[in-house]
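Read through the structure below, which is laid out as structure tokens, and then see the notes.
Quantities reported herein were computed from a predicted structural model and do not represent experimental measurements. Atoms within each ligand, like the ligands themselves, are counted from 1 in listed order. One-based numbering along the sequence shown.
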Amino acid sequence: MNNKIWLSSPHMGGTEKNYVDEAFETNWVAPLGPNVNGFEADLENYLKENVHVGALSSGTAALHLALILLGVKEGDEVICQSMTFAASANPIAYMGAIPVFVDSEIDTWNLNPKALEEAIVDRIAKGKKPKAVIGVHLYGMPFKTDEIIEICKKYDIPLVEDSAEALGSTYKGRKCGTLGDMAILSFNGNKIITTSGGGAIVCKNKEIKDKAVFLSTQARDNAPHYQHSEIGYNYRMSNICAGIGRGQMEVLDKHVNLRRDMNKWYADYFATIKGVSVLSEPNTDYHSNHWLTAIVMEPDLCGGKTREDLRLALETANIESRPLWKPMHLQPVFREAPYYGEKVAEKLFEKGLCLPSGSNLSEADRTRIKMVLEDFFKYTES
Ligand SMILES: *Cc1c(COP(=O)(O)O)cnc(C)c1O
């Protein structure tokens, strides 16, 4: 059996181990230290816009802290893009708050501005103004940033950017992660860069970052003994993990280019296949890191074949693919949550598939993928 081709697997650049070794040699084996500071500085330099970054144990933890810092309380409502990974919405539940899910639009597959405004207006009419909006740059594709920001400003609701999948993407030349009032990043094993597990909160000023770090290290007051005036969390990033992150930052741009190249390879292939479309940038304002390449298959135009048929064909060849993320308003755990939209996300989920997209895919991997695709779509030749 051939080796498994993964959707997105860790891709080390080579210098990561030097930073980790240094941590061992200097005994900084703790959730603080030079690598944590260095990794934060690397991220700040990369993102620009004078942001302040706090390195944390996960993207989920970062989103939890973001909601705390925005003052979300039990019973509050928080708007969230429905088409996303569960970690975008779970922190709303951690707060005892209520998620309100909003549909996608067809250009970027992210927050639909029209449905977003409808949701805000309706929730206000029902007596509760949403405390925050969580927008997601799914698969690395920036959401309709200008439109979303304008709506959030109009109703004076803070925008949290879930940029877990979009480090290296830009909108109008500005990096994703700097576009909202606050943002989160993830360095999980499957993301564009990894620290084995980790995340970060991106803040507009140092006071907010300091508060995030304070909360992430058990909210210890300034005293010789352990003293606490607030509930804290154990969410800080380990200095070992941050060492991996420092090495990964050296290859981030290279890996973005490799993912974009993989995306172009798929786009070129599918250009000749009727009924298959590849998620692509609506115009030059959008620059995606193409963390994952995702396609939509129309069975009517694909000889009756579905995305599930393609997934199984790939699986038989030991190649991983995955249906698009199942929208949150369709998840059993969120079945009570309000939803606004016109089922765009639902239709995408029915017909969409994510394909192997790693920056470490070899020419041989491409050949194996192409063999399955050519066999699967050979009916198109007749
Ligand atoms: C991965 C991911 C997260 C969570 O990040 P972790 O570091 O795994 O906790 C949040 N949102 C989205 C969209 C993600 O893809």
Decide side-chain hydrogen bond (donor to acceptor under 3.5 Å, both in side chains) for D162 and S88; before the verdict, give the C-alpha distance in whole Å, the side-chain angles of both, and the deciding distance to 0.1 Å.
-> CA-CA 7 Å; D162 180 342; S88 303; 2.6 Å; yes
Check your understanding: Under 6.0 Å between the ring centres of H329 and Y339?
Key -> yes
Worksheet item: Below 6.0 angstrom between ring centroids: does that apply to Y139 and F85?
Response: no
If only atom types and distance count, is the side chain of R236 paired as donor or acceptor with the main-chain N or O of S216 below 3.5 Å? no
Are Y171 and Y286 an aromatic pair, judged by ring center distance below 6.0 Å?
yes
So, does D103 use its side chain to make a donor-acceptor pair with the main chain of E342 at under 3.5 Å? yes
Lining ligand 1 at under 4.0 Å, by non-hydrogen atom distance, are residues S58, G59, T60, T84, F85, A87, S88, V136, D162, A164, E165, S186, N188, K191, G198
